[in-house]
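Encoded as structure tokens, the structure appears first; notes follow it.
These values consider heavy atoms only, across backbone and side chains, with no hydrogens, waters or symmetry-generated copies.
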Amino acid sequence: MPRVRSLCRIVGEEGVAMHARIASSIGLLSPRHRASSFVLGATLLLGCVASGQEPPKSLVVEPGDVVDQAGIVTGSFKLIAGYDVGAHHIGIPSEGYGGACLMTDFGGPHEACSTQDDCHVPPQLPGGQSECLAANEHAQTMSCWYKSEDWCVKRPPPPIGASPPLEVNKTMSLPKVQGGIHTAALHKGKNASWMVVACLNGIDAASGKSVPDCGRGGPQKLMQLGKQKQVKGRGASPP
């Protein structure tokens with residue numbers, strides 16, 4: 001069974017259903033998507049058991065902290081092995097395709113949302129994108145966050161991408177962004193929240209191939225939100 005044996009080198013037994021609880025706690029997965037995530041991990045794990053091979057550990061893209069250097073914002077992320085937090089596991093079966101972006105609220109009033117369709121990219125950010133996210137796993141509401149494509153480092157799976165997957169335990173730096181200027185353009189005199197949002201693509205159980213769900217909003221992915229940092233906008237008081 002060549003396909004199953006190949007998957008067993010990729011899939012970890014801890015990647016069965018563990019990211020469903022973590023992601024749902026911050027509102028990233030619907031109940032239908034959580035069910036899909038369980039089926040994904042369980043199907044792959046059973047294939048590994050049937051082949052008689054020991055499944056490796058799962059993977060997760062861990063966001064680093066935002067760094068503010070006089071209004072110039074940057075950050076980092078790293079692909080690592082899945083890990084346990086108490087009785088819960090963080091990680092999914094993955095080949096290591098994914099990435100991360102810097103995201104901001106631009107310092108304005110948090111725009112409440114239920115889905116990404118509720119968020120509208122401001123005209124001061126041409127070509128920008130929006131996400132409807134919870135600020136952290138304890139947040140009770142969702143709000144709109146924004147990014148530009150050039151604030152990201154991405155390794156999408158083929159055929160979309162031609163680059164190799166991320167390397168385990170290698171820190172990746174994000175681009176430097178003039179955060180203070182971007183904030184002042186929208187909400188002069190305000191400070192903005194910034195964070196690193198990381199995403200890891202999962203594997204399709206039927207085909208055994210990586211799926212580009214980080215880029216298309218599908219359920220076979222694991223998103224991780226980094227710590228927020230207040231960044232001074234031009235004309236604003238220090239945070």
Please tell me if the side chains of [X] and [Y] come closer than 4.5 Å, counting only heavy atoms from C-beta onward.
{"X": "E95", "Y": "I203", "result": "yes"}
{"X": "D213", "Y": "P219", "result": "yes"}
{"X": "V177", "Y": "T74", "result": "no"}
{"X": "W145", "Y": "V197", "result": "no"}
{"X": "H120", "Y": "C144", "result": "no"}
{"X": "D65", "Y": "K227", "result": "yes"}
{"X": "D150", "Y": "P175", "result": "no"}
{"X": "D118", "Y": "M142", "result": "no"}

Identify the two heavy atoms, one from [X] and one from [Y], that lie closest to each other, and give their separation to 0.1 Å.
{"X": "R155", "Y": "P164", "value": "NH1-O, 3.1 Å"}
{"X": "S58", "Y": "P93", "value": "CB-N, 4.3 Å"}
{"X": "L133", "Y": "C113", "value": "N-SG, 4.4 Å"}
{"X": "L102", "Y": "K147", "value": "O-CB, 3.4 Å"}
{"X": "P63", "Y": "L225", "value": "CG-C, 3.8 Å"}
{"X": "C119", "Y": "S130", "value": "CB-OG, 3.4 Å"}

Would a hydrophobic clustering, with Ile, Leu, Val, Met, Phe, Trp and Tyr connected at side-chain separations under 4.5 Å, put [X] with [Y]?
{"X": "M195", "Y": "V67", "answer": "no"}
{"X": "I80", "Y": "L59", "answer": "yes"}
{"X": "Y97", "Y": "L174", "answer": "no"}
{"X": "L222", "Y": "V168", "answer": "yes"}
{"X": "V153", "Y": "I160", "answer": "no"}

CD (E167) with more than 12 external heavy atoms under 6.0 Å: no
Expected output: side-chain N201 to main-chain C214 donor-acceptor under 3.5 Å: yes
T104 (side chain) donor-acceptor with S193 (main chain) under 3.5 angstrom: yes
First locate atom [atom1] of [X], then atom [atom2] of [Y], and finally report the distance between them rounded to the nearest 0.5 Å.
{"X": "I72", "Y": "K176", "atom1": "CD1", "atom2": "NZ", "value": "8.0 Å"}
{"X": "D105", "Y": "Q230", "atom1": "CG", "atom2": "CD", "value": "7.0 Å"}
{"X": "H89", "Y": "D84", "atom1": "NE2", "atom2": "CG", "value": "6.0 Å"}

Distance-only side-chain donor-acceptor flag, S148 / Q129, under 3.5 Å: no
Full working for side-chain contact (heavy atoms from CB on, under 4.5 Å) between V211 and R216: CA-CA 9 Å; V211 289; R216 67 185 184 187; 3.9 Å; yes
Test log, rule side-chain contact (heavy atoms from CB on, under 4.5 Å), inputs K154 and C101: CA-CA 8 Å; K154 298 180 179 180; C101 298; 3.9 Å; yes
Sequence-distant partners of F77, ring-ring contact (aromatic ring centres under 6.0 Å, His included), two or more places apart: none
Aromatic plane relationship, W194 with F106 - under 30° parallel, 30 to 60° tilted, over 60° perpendicular: perpendicular
